[in-house]
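As the structure lists them, so they are numbered: ligands from 1, and atoms in each ligand from 1. Note that this is a predicted model, so its numbers are computed, not measured.
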Amino acid sequence: MLTGFEPFGGETVNPSQVVVQAIRDMAFENINVVTAILPVSRFAATQALSAAIAQFEPAVVIMLGEAGTRARISPERVAINVDDFRIPDNGGHQPQNEPIVPTGPAAYFSTLPIQKLVADLTAADIPAAISNSAGTYLCNRVFYWVMHLIHSQNLPIRAGFIHLPYLHEQSLNKRDCPSLARATQIEAIRLAILACAE
Ligand code: PCA
C-alpha cells in the first residue's frame, strides 16, 4: 500500500500525491499496489489510514509526504510520539507538544529496508539519504500511527515513511530551493516498491 498527501502550506501540488497517482496507473509484476491520498488533517489522516489498512490488509505500507527543504529522497528512520505543528493543518488543527498516542512508546523505527532503499536509488543515480527526523507534523504523525497500530495489534506488516523534495515546479518561485524532477521522483518510488517487495 502506497499513500501520499494532498497539498498543504500554500502549495497547489504535493509531490507525494503526484507520485502516488503515477504509480497507481503502473503495472507491477507479482505486486498488487493499492494507493490512498490522505488529507493533511490531524484526525482525518489517521482515520483514513486505519480504514485503508483494515480494508486492504497490506503486507507493506509505504507512506510518502513532501519535505520541501530536502534535496534528496529521504527514507525516514524513526517516528516519534509527538504532535507539534509548526503551521496549522488543512483542518485548522495546530497541536503543540501533544503525544500522538498518550500510552504509546516514545518512538518506533521504520521496518522498511532503508539502507537498501538508499543504495538502490543511489545506484540508479537518484539522490537519496536516510533522514533521522520526520518532523513533528502530519508525516511523522501518520508514520507513528501506523507503526503503533502494527505493534499494538501484532500485524504482519512492514511499514515506513519516505519524504520527497519539492517538484521543480514548486521550487521555481523560491530562492535557492532544492527540488527533483517529477519523473525522477516517480522512478525513485517505483524502485522503492521493488526493493521492499524483495
Ligand atoms: N508533508 C507534511 C505533511 C504532509 C506532507 O506531504 C509533513 O512533512 O509532515
Once you round to the nearest 0.5 Å, how far does CE of Met147 lie from OG of Ser152? 11.0 Å

Relative to ligand 1, is Arg141 under 4.0 angstrom through side chain, backbone, both or neither, heavy atoms considered? neither

Heavy-atom distances under 4.0 Å decide this one: backbone, side chain, both or neither, for Tyr137 against ligand 1? both

For ligand 1, is there an N or O atom under 3.5 Å from any N or O atom of Asn140? no

Any ion pair linking Arg42 and Asp89 (charged N to carboxylate O, less than 4.0 Å)? no

Can Glu11 and Lys174 be counted as an ion pair, charged N to O under 4.0 angstrom? yes

Should you measure from each heavy atom of Phe8, which atoms of ligand 1 turn up under 4.0 Å away? 1 (N), 2 (C), 4 (C), 5 (C), 6 (O)

Considering heavy atoms of the protein only, find what lies nearest to atom 3 (C) of ligand 1 and give residue, atom and distance to 0.1 Å. Cys139 SG, 3.2 Å

Tell me whether Glu66 has any N or O atom under 3.5 angstrom from an N or O of ligand 1. yes

His151 and Tyr108: side-chain donor and acceptor closer than 3.5 Å? no

The atoms of ligand 1 lying under 4.0 Å from a heavy atom of Gly65, numbered in the order shown, are 6 (O)

Relative to the heavy atoms of Asn14, which atoms of ligand 1 are at a distance of less than 4.0 Å? 5 (C), 6 (O)

Donor-acceptor side-chain pairing of Glu6 and Asn90 below 3.5 angstrom: yes

Side chain to side chain contact (heavy atoms under 4.5 Å, CB included) between Ile157 and Ile53: does it pass, once the steps are laid out? CA-CA 10 Å; Ile157 302 176; Ile53 288 173; 3.9 Å; yes

